[in-house]
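As C-alpha cells, the structure follows; a few thoughts come after it.
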Amino acid sequence: MVVPESQEKMYYPPDDLKRDAHVPDFNSYLALYRKSLENPEAFWKEIADEFFWKKPATGPLLQYNFDVTKGNIYVKCMEGAKTNMCYNVLDRLVREKNFGEKVAYYWEGNSPDHHMAITYSQLLSQVCRCANVLKKMGVKKGDRVSIYLPMIPELVYTMLACARIGAVHSIVFAGFSSESLCERIIDASSCVLVTADGVYRGEKLINLKQIADEALEKCREKGSSTVTKCLVIKHPALRTKSGAACNKLQTPWDSDCDVWWDEAMRDSPEECEPEWLDAEDPLFILYTSGSTGKPKGVLHTVAGYLLYTSLTFKYVFDHHHDDVYWCTADIGWITGHSYITYGPLANGATSVLFEGIPVHPHVGRFWEIIEKYKVTKFYTAPTAIRLLMQYGREPLQKYDLSSLRILGTVGEPINPEAWQWYHEVVGQGRCPVVDTFWQTETGGHVLTPLPAATPLKPGSATFPFFGVEPAILNEHGEELEGEAEGYLVFRRPWPGIMRSVYRNHERFENTYFKKFPGFYVTGDGCKRDKDGYYWITGRIDDMLNVSGHLMSTAEVEAALMKHPAVAEAAVVSRPHAVKGECLYCFVTLKHSREFNHTLQDELKRLVREKIGPIATPDFIQNAPALPKTRSGKIMRRILRQIARNEKDLGDLSTLADPKVVEELFNQRCEAAA
Ligand code: PRX
C-alpha cells in the first residue's frame, strides 16, 4: 500500500490538524499498521504499559483459535494479568495524573434547563458509593446487573460501579419494551435491576418504573425471578428545584424489592477497594439482535476491551487533553459503551453526555450544544445527519460551530450526499469525517480513517485499524485480491473482539465462524476499490442479485437520495420470476413534496442513470415513515415482508413506532399487490 492518490475527488487532512496529531500522515499509519500485524506482542505491550496491572500478564498478549475445524474458537488477551477497568479509567487518572478537577462529563438533559458538570473526582466518588450500594444488595463478582436507564449520569455511575466490583453489567436501552427487558433479564439471570422513575423523551413523559415492573412481572410469569432488588433513581426532570419528587408520575412501589437511589446512596461510603479481576473475566454483556431468533448476549472481557477502546478513541478522534468530545449515541448501544464511557474515560477525556433528541425543543439543539460547550470532536449517525439535513442550513447558521475539528459517523453506510452535507455544512469544509465501521461484536472501530493521516473518499470507511486484518471472500470462501466485492471477514482477532455469546458459545461459533473456517464473518458485504479503500455495501442479507448481478441496496438508496424530493430511501429485494430478484424501493419525501407517477418515473430513471439499467427499480412506494428501531436503524426485514405482502410480521417489539407498518401496508403499490 502507498499513499493513496485517485482520479476521484479525495479530501485530504487539513494541515493544522496534522501539526500535533498522534498519527500525522499516511506513512506513519502504514508503519504502525505493519508493526501491529508483524509484531502484535510489542505493539499491544506498549499500549498495555500505559495502564495499571495489579499483576502482570504471564502469557502472550493475544492467543487465539479462529478455525472451527481445529477446535473451539477462543481469544485471550494478557492471560494471567490482574486489573480493574474502573481503577484504570478513574483512580489511575485522579491519583497518578492529577485529573481530579478535570470535567469528565457535561451532562445536558432532554430540556436545556437541566445540565451539570461532573469532574473525575466527583465521578470516582459517586461510582464508589454506588459500588457499595450494590455490594450491600448482595451483588458479588461475576453477578449480572441489568441497567434500564435513560442517559443520566447515574447510568455511567452504575456501569462503572459494576466494573469496580467485578459484576457484569447488562445495559438495556431504555426505549425497549417490557417484553424485551424481561427477555434480557432472564437470559442474563440478573440479580439486580437499576432503573429510574421516568423520563421525558422530547415532550413525552415515559413511566420507566412501570415498564420495569411489567418486565419483572413477566419474568415471574415465566418462572424466572432472579432479580431480588430494584434500585430506582428519581429523574432530575421529575424533581422540584429543591430535589423533592414532583407528582407527575405514579411510581409503583414494592417495598420488599424497590430501593430509592437517594436513600441508598446517602450513607454509602466513598471508599471502595476495586475487585482485582483476571484479564479475561467478563466486563459486560450487551444484547444485539440476531437475524433469527432471540437476541445474542455479546460478551466482552476486561483487559482486551480496555486496550482496544482506549487506543481507538485516542487515534480515531485524535484525542488531546483540551478537547471537548461529544458522541450523540445512547449508552444502551455499543457506541455508547465504547465511545461515551470506556474509551473516552480511559483517555481522561471531557465528554458531553446528552439525554435528549436532535429536534427538541428545536431543530438546532445539536448545534446549540456544540456552541455551548465548544465541542471539538463530534460523533453521530448518518440517520441523524439525514434528519437534520432536511431542515437545511438555517438552523446551523444561528450557532458558532468554529470549535469543531473532527466529525465522526457510525452505524450504517453513509450516502455521499449526507457525507457532503456533514463535511460542508456542519464541518464548514474544515473537519475530516471519520466514517467508522464496526459492530457490537468488534468492541471498537475496525475499519476507519485516522483524521490527520487518511485521505478520505465520501462513503468509504477507508482502511483497517491497527491489529485488524480484513479480507474479502466470495461465496465459496475464496479470498479475493485487489479490486473486489464480497463478504467482509477478519483473519485474526484484535484485543477488543467479543469472546462469546453469553452462555451460548455454540451460537457464537455458528454465527461468526462456521461459514468460512479461519475467519470472523462480519455479515457485511464490502467492496475494495483500486486504491485499496474499503466500502461497506450493507448487510449481506441486504445484498441482492438481479439477473445475476450482485448489487447492494445501499447504492440504489444513494441514487434515490440524489432526487431533490427524497428525504430518505430504503431498498429491499423482492422475488422476481425472470430476474430472480428485483428492487422494491420505499421513499420518504421531503415536506410538501407530492408522490405521484411522474415522480416514480423520475426516480426509476435516476437509478438507471446512476447505476445502470440492471438496477432499474420495479417498485417505488411512498413511505410517510420507515420502520426503525429505537436506535434509528431501518428494519429491512419488515420492509422485505411488506414488499412481499406478507402480513405475518412476527416480533415488532424493537420498532420505535409500530404504527408505521400499518401505514406502509395502506400505501403499498397497486402493482405489487
Ligand atoms: O452493517 C454494519 C453497520 O452496523 C452493523 C453493526 O451494528 P451494531 O452491532 O448495532 O453496531 C453499530 C455501531 C457500531 C454493521 O455490521 N455499520 C456500522 N458502522 C457502519 C456500518 N455500515 C457502514 N458503515 C459504517 N460506518
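For ligands, and for the atoms within them, numbers begin at 1 and follow the listed sequence.
With sequence neighbours left out, Y305 forms a ring pair (Phe, Tyr, Trp, His ring centres under 6.0 Å) with F284, H300, Y342. Take Y339 and apply the ring pair (Phe, Tyr, Trp, His ring centres under 6.0 Å) test, not counting sequence neighbours, and it matches W438, H445. Every residue meeting the ring pair (Phe, Tyr, Trp, His ring centres under 6.0 Å) condition with F366, not counting sequence neighbours, appears here in chain and number order: W326, F378.
Between Y533 and F463, the ring-plane angle classifies as tilted under the 30° and 60° cut-offs.
The shortest side-chain heavy-atom distance between W419 and Y11 falls under the 4.5 Å cut-off.
Separation of the F66 and F513 ring centroids falls under the 6.0 Å cut-off.
Within 4.0 Å of ligand 1, heavy atoms belong to protein residues I334, T335, V410, G411, E412, P413, D435, T436, F437, W438, Q439, T440, E441, D524, I536, R539, K633.
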